[in-house]
Participant: 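Take this structure, written in structure tokens, and hold onto it; I'll ask about it next.
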Amino acid sequence: MISTLVIFLTLLVVERSSQTNPCSAAKRIPPKWNCTCLFYGKKPKKVTIKCVNRDDKKNLDYIPEMPNNTGHVYIEGYRFTNVTKQTFKKLESIKLNRLTLRDNRIRNISKDALSEMKYLQELEISREIQVSTKEIGNMLHGVSRTIKCLRFSHNTWNEPPNFDKLKDSRLTHLTLSFNYFRKLLGDWFKKLKNLHYLDVSFNGISENTYNFTGLENLTNLNIRGNWFKEFPNFCNSPVKKLKILHFQYNKLTEFRPNYFQCLSKLTDLNLNGHAIRKLYNNTFSNLTSLAALYIQRLAGQLFHIEARAFESASLKKLIFTHNGFWFRNEKTNSAPEYFKNCPQIETLNISGNTLDLREDEFISMLKPLNNLKTLGIRGMRLVYLPNGLLKYLPQLTRLDASNNVLNGSWNGELIFGNKSNLKVLDLSFNNIDKITLSNFPQTLLNGLNDSGLNVSWNKFSCLCDDVIWFYRWMHSNKKKLSMIDKITCRSNTHDVGTQILFDLTERDLCPINPALVIAIITFCSLVATILLVFALVYKLRWHIRYWLYVFKHHKKGYELITDDPDYCYDIYLVYADEDSSFIFRIAIPFLEQKGYKLCVRCRDFEVGKLHCDNIVDNINQSRRILFVLSNHFAKSKWCEFQMHFAYNRCLEEKRNNIIVAVLSEVSYKYLSNTLKVLLTSYDYALWSKSDETGQALFWGKVLRKLQFRLDRTESAEVMIGDIQ
């Protein structure tokens, strides 16, 4: 029964773990395939199985069985010389959406190779330089009509395969990059009526070997990395729906305004990597729908931008980086007007250029951008942040001023104002030596997002006055900092070593003055000594009292009371029933061992006699009466009766024959007047439960009271007077 339960629980745990780990089933794939399982997101419905062969000797003719939740199979480096329907036989039972075949030395691929893969939506066959386009064209006949994306890259083809077999398919994306095309003919794709995205980048297409006939529905065209010396003529082409054009890294030497006059629906234009020298007025003004413009890495040739070059009523994003351009004021007594005529820009990145402007000129250049939300000025050799930056850019939420030479010696209120919408601020790789409320106002820091402040790789000082405020802010606002392990400081100007600021302590940053340290140590030592003395006195209190008692009575010994025919007992014990354990285990054995004769009520009272008569008769027949006080004693009516009778005897005989022993401290609320007199005006013996010295002192006092002879009886007049 127990073994069955263990097996059930084990299976349950395995099942639960397989549910939480989407890659658990992939462990069944034979190890020789060298496959790994990848998934994205917290609860993915599908996983990617990537099998990469590094052994050149393996020559296989099938793909192994994959888990049912496989969405993408990636096969690279296997020697599939002949690909047939049998190659994918074990994949037919799963709903595979994507298949990638790379560098598998495919030579032949059968017409029906993929005919049973009914759910396939994306297919990639790349780096297969031995397979012909004819073979691929025949294979496409058997591809599911639900296919949406095809990628044939790095195959060294001179022209694409025949796509006529996909006439009625849903194909929208086609990639033919990194081949050897010398021309681009729209007729190749005329049967692909749903084609929206075409990538023919990095081929050998030129301005004399292209036409767009048959690409009427194209919205995204990638022809980067070709040999165009002239911009394609879209005015005479049927491509009227184009929205995104990638034309970077071609051979243009200038951007003429008439290039872009027939692309009225274009929203994104990428012109990176051309060796142009000048940007002319109204170059992009004909692009009435243009929202994003990328002009980057112009080989350092650009030397002039006319004032209205970027003029656009629709432009929202301008990325103009790493062009080696010098932003300078070319006209005397006038502000630079590079961005005056594009007021809708929300994102501007001019990083990787050089800024040769005064603060007021810089502000004048940016001032027209009232809608600017993101500004990139990285690596521009900036030595300042201009005053009024956020005043004139009220919508700015992201600022990247990293990799400059800023030293932090600015007035934060003048730059950021007393109210800021800034959410992300990147000042990494600068020369900032300290952060304080003067250069980083609290309103700025409070408004930043999590990971919104990056001040890594600066030159912060480790001196207390320079860094302590920021150090404390860091520890209170850790989430707001990015790259926190790269925020370092230097101990002094001569120390080349740096330390991670967050990992230091306040003591590291602000060492205590030696004189103050000595004073604190002295004071603490004095306090510790006083406390130690008090603790020692308290711990040895019984020893001290004992030594004092011995010193006082060292010449007086203890003497047994001689026989006296008038008394039957030496001691009459008065105690509460709850204290019987102490009486019979400790008191009686000790006193009787010393030779004293004791009267104990439960042992020596006469049977059949009234209890009160027993008390009276036995007290009268005892030389001394020993009270054992406690809270139980104070609450007992019989103890109170015996105590009053003992006092009456003191009054009659005018002698003090009472001995007081305190077993435990009596609470104030139980004290009668008689008990108060006993404890305040009479020297009593106090019992200690744990300290042997205290116990010795207790018995010493009791025996001292018992040693007096009849002719040396203590006078009771003082105590009797108090009682009366």
Side-chain angles (χ1 to χ4, degrees), residues 207 212 218-221 223-224 228-248 250-298 301-321 323 325-331 334-350 353 364-376 393 395:
E207 69 275 7
F212 299 119
L218 205 65
T219 59
N220 191 329
L221 176 61
I223 51 177
R224 64 177 180 153
F228 285 90
K229 294 181 180 179
E230 295 285 338
F231 194 77
N233 185 354
F234 289 94
C235 291
N236 298 325
S237 76
V239 183
K240 303 298 183 183
K241 300 179 181 180
L242 197 64
K243 294 183 177 180
I244 301 174
L245 177 59
H246 295 272
F247 195 73
Q248 58 266 44
N250 275 280
K251 307 294 181 181
L252 298 188
T253 57
E254 58 181 351
F255 298 154
R256 300 176 186 172
N258 63 318
Y259 283 166
F260 312 108
Q261 60 186 356
C262 297
L263 295 170
S264 59
K265 294 187 177 181
L266 196 70
T267 60
D268 292 67
L269 176 60
N270 194 319
L271 296 172
N272 298 345
H274 291 93
I276 65 171
R277 297 176 60 80
K278 185 176 181 179
L279 281 177
Y280 299 98
N281 285 335
N282 300 304
T283 299
F284 310 103
S285 57
N286 289 323
L287 299 173
T288 54
S289 299
L290 186 65
L293 176 61
Y294 302 84
I295 303 177
Q296 304 175 85
R297 304 187 182 282
L298 298 181
Q301 301 295 311
L302 186 65
F303 72 92
H304 182 64
I305 300 176
E306 292 188 352
R308 305 175 73 88
F310 296 118
E311 182 171 354
S312 172
S314 59
L315 188 64
K316 293 185 177 181
K317 183 177 183 179
L318 175 58
I319 308 300
F320 186 83
T321 65
N323 294 316
F325 182 71
W326 283 67
F327 285 94
R328 56 167 62 94
N329 191 357
E330 298 178 353
K331 297 180 180 180
S334 66
E337 299 179 349
Y338 297 111
F339 311 114
K340 180 179 180 180
N341 301 294
C342 40
Q344 299 304 316
I345 287 182
E346 296 179 358
T347 299
L348 174 65
N349 194 340
I350 55 175
N353 295 287
S364 296
M365 181 179 72
L366 299 176
K367 192 174 181 179
L369 304 176
N370 293 322
N371 296 307
L372 192 64
K373 296 179 180 179
T374 301
L375 174 62
L393 301 176
Q395 305 301 321

Participant: From L287 CG over to K265 NZ, what is the distance, rounded to the nearest 0.5 angstrom?
Facilitator: 14.5 Å
Participant: Quick one, R308 and E306 - any side-chain contact, counting heavy atoms below 4.5 Å?
Facilitator: no
Participant: Is there a side-chain contact (heavy atoms from CB on, under 4.5 Å) between K317 and Y294? Walk through the geometry before answering.
Facilitator: CA-CA 8 Å; K317 183 177 183 179; Y294 302 84; 3.3 Å; yes
Participant: In the structure I gave you, are the side-chain heavy atoms of L369 and Q395 within less than 4.5 Å of one another anywhere?
Facilitator: no
Participant: How many angstroms lie between CG in L302 and CG in N353, if you round to the nearest 0.5 Å?
Facilitator: 8.5 Å
Participant: Say you draw a straight line from CZ of F247 to CG of N270; how long is it, rounded to the nearest 0.5 Å?
Facilitator: 11.0 Å
Participant: Give a yes or no on whether the backbone of N282 and the side-chain of N341 come within a donor-acceptor separation of less than 3.5 Å.
Facilitator: no
Participant: Check whether any side-chain N or O of N371 sits under 3.5 Å from a backbone N or O of P343 as a donor-acceptor pair, and report yes or no.
Facilitator: yes
Participant: Nearest heavy-atom pair of T321 and Q296: which atoms, and what distance?
Facilitator: OG1-OE1, 2.7 Å
Participant: Please collect all side chain to side chain donor-acceptor pair (under 3.5 Å) contacts where either partner lies in residues 233-245, sequence neighbours excluded, each pair once.
Facilitator: N217-K241
Participant: Quick one: are L293 and L315 in side-chain contact, heavy atoms under 4.5 Å?
Facilitator: yes
Participant: Determine whether V239 and L221 satisfy the following criterion, side-chain contact (heavy atoms from CB on, under 4.5 Å), listing intermediate values before the conclusion.
Facilitator: CA-CA 10 Å; V239 183; L221 176 61; over 6 Å; no
Participant: Between N349 and I319 (side chain of the first, backbone of the second, donor and acceptor by atom type, cut-off under 3.5 Å), is there such a pair?
Facilitator: no
Participant: Step by step, work out the side-chain contact (heavy atoms from CB on, under 4.5 Å) result for R256 and Y280.
Facilitator: CA-CA 7 Å; R256 300 176 186 172; Y280 299 98; 5.9 Å; no
Participant: Any idea which heavy atoms bring I345 and T347 closest together, and the distance?
Facilitator: CG2-O, 3.4 Å
Participant: Atom CD1 in I295, atom CG in L318: separation rounded to 0.5 Å?
Facilitator: 6.5 Å
Participant: Just so I know, are the side chains of F284 and C342 near enough to count as touching, which here means a heavy-atom distance under 4.5 Å?
Facilitator: no
Participant: Taking the six-membered ring for Trp, are F325 and F320 parallel (under 30°), tilted (30 to 60°) or perpendicular (over 60°)?
Facilitator: perpendicular
Participant: Decide if the gap between the ring center of F310 and the ring center of Y338 is smaller than 6.0 angstrom.
Facilitator: no
Participant: N250 and I223: which non-hydrogen atoms are nearest, and at how many Å?
Facilitator: ND2-O, 3.2 Å
Participant: Answer yes or no: is there a donor N or O on one side and an acceptor on the other, between the side chain of S289 and the main chain of T267, under 3.5 Å?
Facilitator: no
Participant: Taking Q248 for its side chain and N272 for its backbone only, find out whether a donor-acceptor pair lies under 3.5 Å.
Facilitator: no
Participant: Start with the C-alpha distance between F231 and L245, add both sets of side-chain angles, then the distance that settles side-chain contact (heavy atoms from CB on, under 4.5 Å), and finish with yes or no.
Facilitator: CA-CA 12 Å; F231 194 77; L245 177 59; 3.5 Å; yes
Participant: Between Q301 and A275, which heavy-atom pair has the shortest distance, and what is it?
Facilitator: CG-CB, 4.0 Å
Participant: Could you state the interatomic distance from CG (L393) to NZ (K373), rounded to the nearest 0.5 Å?
Facilitator: 13.5 Å
Participant: Keeping N286 on the side-chain end and F260 on the backbone end, is there a donor-acceptor pair under 3.5 Å?
Facilitator: no
Participant: Any side-chain heavy atom of L348 sitting closer than 4.5 Å to one from L366?
Facilitator: yes
Participant: Mind checking whether H274 and F255 have parallel, tilted or perpendicular rings, split at 30° and 60°?
Facilitator: perpendicular
Participant: Is S314 reaching over with its side chain to a backbone N or O of L290, donor-acceptor style, under 3.5 angstrom?
Facilitator: yes
Participant: Between CD1 of I305 and CG of N323, what distance do you get to the nearest 0.5 Å?
Facilitator: 8.0 Å
Participant: Are the side chain of E346 and the backbone of K316 linked by a donor-acceptor contact shorter than 3.5 Å?
Facilitator: no
